[in-house]
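Working notes, structure below.
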Amino acid sequence: MKKLITTLTNIWKIEDLRNRIITTLLLLLIYRIGCHVVLPGVNPDALGAKNSEGNSILDLINMFAGGSFSRSAIFALGVMPYISASIVVQLLGIAVPAFQKMQKEGESGRKKMNQITRYLTLAITLVQAVAYVKTQVPAEAKTLAEPMFTILSAIVLTAGTLFVMWLGEKITDKGIGNGISLIIMAGIIAQLPAGIVAEWGSRMSPSGGGPIPLLLEFVALFFVVIFAILVVQGIRKVPVQYAKKIVGNKQVGGVRQYIPLKVNAAGVMPIIFAQAIMFLPMALSQFFPNLQSEFLTSLSNYTSVAYNVTFALLIIAFTFFYTAIMVNPQQMSEDMKKNGGFIPGIKPGYDTNIFIDNVISRITFPGAIFIAIIAIMPALASKLGVNNQFAHFYGGTSLLILVGVVLDTLQQIESHLLMRHYDGLMKTGRVKGRSTATVEGMDQSAI
């Protein structure tokens with residue numbers, strides 16, 4: 001306890017760090033207030049009957065939107081259109097030569113790609129806003145006539161998403177941590193109290209089982225979080241030896257370093273891609289009722305065996321695909337060769353390329369299995385009797401985002417402390433965060 005008080009005191013003493021934390025909290029507060037402001041022309045009381053029906057997949061979307069999706073709030077779409085646009089731009093940077101050229105232009109290229117991402121976000125948001133108004137706002141809740149209601153709501157929802165995107169960028173620039181990731185994390189955490197209350201009420205009911213099952217659920221959740229941290233932090237160190245050089249009167253090189261290859265290099269992107277595909281059966285059943293079948297219906301239920309087996313296989317496939325995109329063994333071997341580095345016992349060049357590729361393949365397979373297990377944990381928890389609201393915190397994208405964002409934010413706070421010669425957040429060792437984000441698929445510190 002004394003160590004914690006001392007650390008908090010040291011954080012408060014650093015003016016820059018203190019201002020950044022306060023700025024971050026204030027901007028997140030603005031976001032949370034906006035999540036409770038209902039769209040103009042919507043009667044909030046008429047939404048209750050529709051939202052009480054519940055839909056497992058829509059509940060998941062609502063979690064990432066901080067609850068604003070079910071409230072028909074001005075931030076109902078959240079940052080999801082921005083994330084979609086970022087993923088598209090990143091994939092274009094791999095497949096399209098013009099985007100590859102921009103990536104290599106340094107800061108100017110990054111600004112161009114950010115601008116393209118913003119324009120694409122605007123286009124995606126407009127489409128999703130119209131679809132949201134048509135499918136998620138019941139007719140009895142609308143107090144304005146059509147088409148004025150749809151036009152007005154689409155404009156407000158688009159402005160809301162752009163404002164949330166601006167808040168995220170301001171948190172990144174003026175606050176602590178990655179803004180977009182923190183906004184997603186704030187939305188997820190905001191749903192935790194309601195999930196705990198719902199589970200408490202469920203267990204305390206005459207047929208709920210009492211406090212013992214509830215206690216066991218919290219113990220299980222603790223170990224699931226520990227398991228997720230191990231997956232997120234797991235690395236394989238590949239030793240690299242650099243040749244000795246004489247520069248002037250000094251000898252440089254001759255030191256051994258390591259290439260940290262992550263067990264989960266793809267982050268949460270495989271789950272995001274897989275979930276995007278798993279949303280298709282539900283969309284098809286809504287727009288084409290004639291296509292409904294038993295198999296298609298089972299794929300729309302996140303607790304069904306067909307859904308979870310398909311989901312797990314897609315995650316494993318996308319983990320290998322995204323890791324192959326993000327990690328380039330050939331580029332690593334070329335960079336090592338240019339700088340006079342080599343892996344002991346491996347010839348520089350082609351042999352090094354093959355060696356690194358084999359290591360990545362070996363560690364990616366168990367990493368993909370672990371990610372698939374974490375992804376289907378909410379369905380398993382739900383099958384074991386855990387309330388749906390609380391079951392979502394047992395795994396999936398939400399848990400990986402929470403773990404990754406918290407670790408990276410703590411790492412940034414610790415960097416500020418160590419830079420000013422204060423003790424870090426831990427008595428022994430240092431907080432290790434990820435070097436790149438996973439949540440959004442963007443090349444930036446965070447999610």
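- Here the side chains of Asn358 and Arg362 are in contact, with some heavy-atom distance below 4.5 Å.
- At least one side-chain heavy atom of Leu402 sits less than 4.5 Å from a side-chain heavy atom of Ile189.
- Listed by chain and residue number, nothing satisfies the salt bridge (charged side-chain N to carboxylate O under 4.0 Å, His left out) test with Lys337 (two or more places apart in sequence, or in another chain).
- Nearest heavy atoms, Leu261 versus Val359: CD1-CG1, 3.7 Å.
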For residues 367-380, tabulate all N or O donor-acceptor pairs below 3.5 Å that involve a side-chain atom, not counting sequence neighbours.
none

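- Atom CZ of Phe218 has more than 12 neighbouring heavy atoms from other residues, nucleotides or ligands inside a 6.0 Å radius.
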For this session: Begin from the C-alpha positions of Gln411 and Ser415 and carry the test side chain to side chain donor-acceptor pair (under 3.5 Å) through to its verdict.
Result: CA-CA 6 Å; Gln411 184 193 32; Ser415 298; 5.7 Å; no
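- Of the inter-residue distances, the one linking Ile171 atom CD1 with Leu27 atom CG reads 5.0 Å to the nearest 0.5 angstrom.
- Annotation: the span from Phe75 atom CZ to Leu157 atom CG amounts to 10.5 Å, rounded to 0.5 Å.
- Contact check for Met80 versus Thr161: no side-chain heavy atoms found under the 4.5 Å cut-off.
- You'll find the side chain of Phe99 reaches within 4.5 Å of the side chain of Ile116, heavy atoms only.
- Taking the side chain as every heavy atom from C-beta outward, Ile180 and Asn178 approach each other to under 4.5 Å.
- Taking the ring axis of Tyr258 as reference, the NZ or CZ atom of Lys237 stays within 45° of it and closer than 6.0 Å to the ring centre.
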Donor-acceptor pairs under 3.5 angstrom involving side-chain atoms of residues 346-353: please list them, not counting sequence neighbours.
residue: Thr352; atom: OG1; partner: Lys347; partner atom: O; Å: 2.7
residue: Asn353; atom: OD1; partner: Gln330; partner atom: N; Å: 3.3

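- The main-chain N or O of Ala265 is never found under 3.5 Å from a side-chain atom of Thr323 such that the two would form a donor-acceptor pair.
- The shortest side-chain heavy-atom distance between Val42 and Lys142 does not fall under the 4.5 Å cut-off.
- Of the residues listed (Asp357, Val327, Val238), the one engaging Met332 in a side chain to side chain contact (heavy atoms under 4.5 Å, CB included) is Val327, and it is the only one.
- Ring pair Phe393/Phe390 is tilted by interplanar angle, where 30° to 60° counts as tilted.
- No more than 12 heavy atoms of other residues, nucleotides or ligands lie within 6.0 Å of CD in Glu15, so this atom counts as exposed by the packing criterion.
- Within the model, atoms CD1 of Ile176 and CD of Gln412 stand 5.0 Å from one another, a figure rounded to the nearest 0.5 Å.
- The side-chain heavy atoms of Pro270 and Phe320, taken from C-beta on, include no pair separated by under 4.5 Å.
- Without hydrogens or angle criteria, Thr172 side chain to Gly168 main chain gives a donor-acceptor distance under 3.5 Å.
- Residues Phe311 and Tyr307 bring their aromatic ring centres within 6.0 Å.
- The closest side-chain heavy-atom distance from Phe163 to Tyr31 is not below 4.5 Å.
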